[in-house]
Amino acid sequence: MEGDLEKGSPVSTKDEPTTTNSGGGDLFLAKKYQTSLPHKKEYTTVQTLLLAFQSLGIVYGDIGTSPLYVLSSVGLKDPTEDDLLGILSLIFWTLTIIPLIKYVFIVLRADDHGEGGTFALYSYLCRHINFKSELTIQSATRLESDANMSFYTQGEGSAIKSKTKTFIENSKFAQNFLTFVVLLGTSMVIGDGALTPATSVLSALAGIQSLSSKITTGHVVVLAVVILLALFLFQRFGTSKVGFSFSPIMFLWFAALVVIGIYNIAAYNPAVLKGLSPHYIIKFFKNRGKGGWEVLGAVFLCTTGAEAMFADLGHFNKRSIQMAFSFFVYPSLVVCYAGEVAFITKNPGTLSTAFYSSIPKPVYWPMFVLATLAATIASQSMISATFSIVKQSLALGCFPRVNIKQTSAEHEGQVYSPEINYILMIICIALVLTFRQGVEIGNAYGVAVIWVMIITTCLVTLVMLIIWDTKFPLILAFFVPFIFIEGTFMTSLLNKIPQGGWVPFAIAAFFLIIMMSWTSGRSKKTAFDAERKMSMAEFSKLLSATHGELYRPPGICFFCTDLVNGIPPIVRHYIQSTNSLREITVIVTIRTLPIKTVLPEERLDVGRLAIDGVYRCLIQFGYKDAQSFQEDDIVASIIASLKEIAETEEEKEKLQRSFEKGVVFVAGRTILKSKESNGWLSRLVIDYFYRFLQKNCRSALTALRIPPGKFLQVGMHYEI
């Protein structure tokens, strides 16, 4: 830290060997943080089956309700039986290749210590690649010594692995592009939080129109808006209030799909099962040509929700998710689609209302109620996932600080954000009022999901190449087929842009501008701070210049900064403005590591600087940890850690006395202004987007929930 630790002063966590600084230059800690890798928890067969049952309500609501709108979205005129068998074959093989083979058997292996999703893949890569570009998420708080840790790196591996890793580490463009791709994928997933409820609820309610011509689309839209309003307004109570009923309802839903599917196959066309043969796909494209390609966008909707298997991995284990999909969800969906197609082969005019038309009349109303409940569950799962993603984005510093509330004392992952909830509610209701039908919104939904899947394919390929060190032919065997298949679906879905496919791009652009502006502004602020940090020599000179006049009141002052090394500019500004410095001063850096959690006993790292009463503290969190100073426990833990490195009893007594006198937190409230010499884009991002977000979001200290009476903000103006 620019020679800012006393020679011989310990800087380590409990139960770790101390590391000392030998003089000038930044301090490199060989073991600054190395997590204790958790032992893999073993589950009994009964526990795994129970988890598989529970996953039905959390993971599979979205893909489970896809039969409501897939065949209705096909829009094929005058379909022949061969056409319908070709569509069934396309659905079957799409379900088999993407959700089953890709996600269940490959992607689920690329977890970050049990966590899945876009951010988990990114953090997994961050531990093995040294990202240095300004746009990189949390790049400023990574220690150079991290590169030497076994937790972050592996052996040299193959030549292609080393070359790829070296290329990314030496290319700012590659690092910025990867970060952009991750933020784009995250923005698409957040957009799904609005698209899923609109699509599912509208599609579920549309079936009521088939009962009477007096029931118009307007009635369905009003009913959908009422249900969606209730759904979003209920979010503040937390999912735990209704979560216990999700899995039994979804179990009944899937069971009903199987029973009705078997009935339709037996009653209308038992030979429909021959449509599982892939040669019907070839016949379909030969007969329909370009029309067959246009149908691919609708067929792809059968996979929507497959990404939830990976994103919600942290709530379950791999085996339970694999079992639930392979042995229950997947066969249920196949039987359901086969039953719908069997019915339509005898009633081709019902293609636009395929699901509800194929339901036997005696069970119509129970299925309508069950479909509405299943659609609501699918919506709830996606909304909850959006809150979780925003929390992770916020922890990694790439999303403005919004209010995150814990809705369950038992489950840390159950959170709620009022701002995000109401933004999603406005977008969702606007979509329903604008498009009025689930088919059009389904076009938008498919576009969003395909881009998330393509991004996942690319990131998993990087994981295979750089981390797993997979043989190159196997990497190609994964990447080439899946990127070709998903790319083909994408081209068909892009054809739907005029019919609503532009919506996910608009929503993603909205959130992407927010995330890119915030990430860029924070990176520039941190870089500006790093350029103006003080060395210990400068700090000593500043204190000497005010010797005899500098007031040292009793108590403890925590200066909060993003800088890991050096004395932050806020300390200079504070001393020059107030001509005072607390008797005990601790420079605190809060660092979010690219892992999901940090063990409490490994959270703190403290050191004594070369000036009496001045210390350094590093507080480390994972991206899923709750970051809060609301309780005095963490403050007391810092003081206890400082006492451990105290050299004399007098120093320990001074620490305790100051702690009893009171604690205050000081942080900078920085206003950024772009120089006139900068380009128009830089001025637009910094002077307008970032400043607007900074003014309207919560401050860093508010986000940490520090008691209001214990913090002070120091205004600073930076021209960058």
Specify the closest pair of heavy atoms between [X] and [Y], including all atoms of both residues, with the distance to one decimal.
X      : Y      : result
Thr386 : Val189 : OG1-O, 4.1 Å
Met515 : Leu183 : CE-CD2, 3.6 Å
Met382 : Asp192 : CG-O, 3.5 Å
Ile190 : Val390 : CD1-CG2, 4.1 Å
Leu563 : Arg616 : O-NH2, 2.5 Å
Ala667 : Ile570 : C-CD1, 3.3 Å

Do [X] and [Y] have side chains that get closer than 4.5 Å, going by heavy atoms?
X      : Y      : value
Tyr416 : Ile383 : no
Ile638 : Phe659 : no
Val181 : Cys458 : no
Ile168 : Leu462 : yes
Ile611 : Ser540 : yes
Ile619 : Thr589 : no
Gln380 : Gln235 : yes
Ser200 : Ser379 : yes

Report yes or no: does [X] contribute a side-chain atom to a donor-acceptor pair with the main-chain N or O of [Y] at less than 3.5 Å?
X      : Y      : answer
Arg532 : Pro569 : no
Asn421 : Ser417 : no
Arg691 : Ile686 : no
Arg552 : Arg582 : yes
Thr585 : Val614 : no
Arg572 : Leu542 : no

Enter the distance from [X]:[atom1] to [Y]:[atom2] here, rounded to the nearest 0.5 Å.
X      : Y      : atom1 : atom2 : value
Ile450 : Ile455 : CD1   : CD1   : 10.5 Å
Lys541 : Ser535 : NZ    : OG    : 10.0 Å
Cys617 : Leu604 : SG    : CG    : 5.0 Å
Leu178 : Leu125 : CG    : CG    : 7.0 Å
Phe559 : Leu581 : CZ    : CG    : 5.5 Å
Ile556 : Glu583 : CD1   : CD    : 9.0 Å

task: Mind telling me whether Phe435 and Trp502 have parallel, tilted or perpendicular rings, with 30° and 60° as the class edges?
output: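 The rings of Trp502 and Phe435 sit tilted, inter-plane angle from 30° to 60°.
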message: What verdict does the side chain to side chain contact (heavy atoms under 4.5 Å, CB included) test give for Ser580 and Tyr574, after you've listed the backbone C-alpha separation in whole Å, the side-chain angles of each residue and the deciding distance to 0.1 Å?
response: CA-CA 8 Å; Ser580 67; Tyr574 180 84; 4.1 Å; yes
- request: For the residue pair Tyr122 and Thr186, confirm or rule out a side-chain donor-acceptor distance under 3.5 Å.
  value: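 No.
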message: The test is side chain to side chain contact (heavy atoms under 4.5 Å, CB included); show your working for Ile420 and Phe399 and say whether it passes.
response: CA-CA 11 Å; Ile420 300 300; Phe399 201 91; 3.8 Å; yes
query: Does the pair Val588 and Thr561 meet the rule for a side chain to side chain contact (heavy atoms under 4.5 Å, CB included), with working shown?
result: CA-CA 6 Å; Val588 177; Thr561 177; over 6 Å; no
Chi angles and distances behind the ring-ring contact (aromatic ring centres under 6.0 Å, His included) call for Tyr422, Phe232: CA-CA 7 Å; Tyr422 293 125; Phe232 281 103; 8.7 Å; no
Residue pairs involving residues 670-690 (criterion ring pair (Phe, Tyr, Trp, His ring centres under 6.0 Å); sequence neighbours excluded):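 Found Trp518-Tyr690.
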- request: May I have the step-by-step check of side-chain hydrogen bond (donor to acceptor under 3.5 Å, both in side chains) for Gln175 and Glu169, ending in yes or no?
  value: CA-CA 7 Å; Gln175 294 175 22; Glu169 290 183 340; over 6 Å; no
Chi angles and distances behind the side-chain hydrogen bond (donor to acceptor under 3.5 Å, both in side chains) call for Ser674, Asn678: CA-CA 7 Å; Ser674 183; Asn678 293 335; 2.8 Å; yes
query: Can you list the steps and then say if Lys525 with Asp529 is a salt bridge (charged side-chain N to carboxylate O under 4.0 Å, His left out)?
result: CA-CA 6 Å; Lys525 172 187 172 296; Asp529 280 340; 3.3 Å; yes
task: Applying side chain to side chain contact (heavy atoms under 4.5 Å, CB included), run through Phe177 and Val182 and close with a yes or a no.
output: CA-CA 9 Å; Phe177 181 73; Val182 169; over 6 Å; no
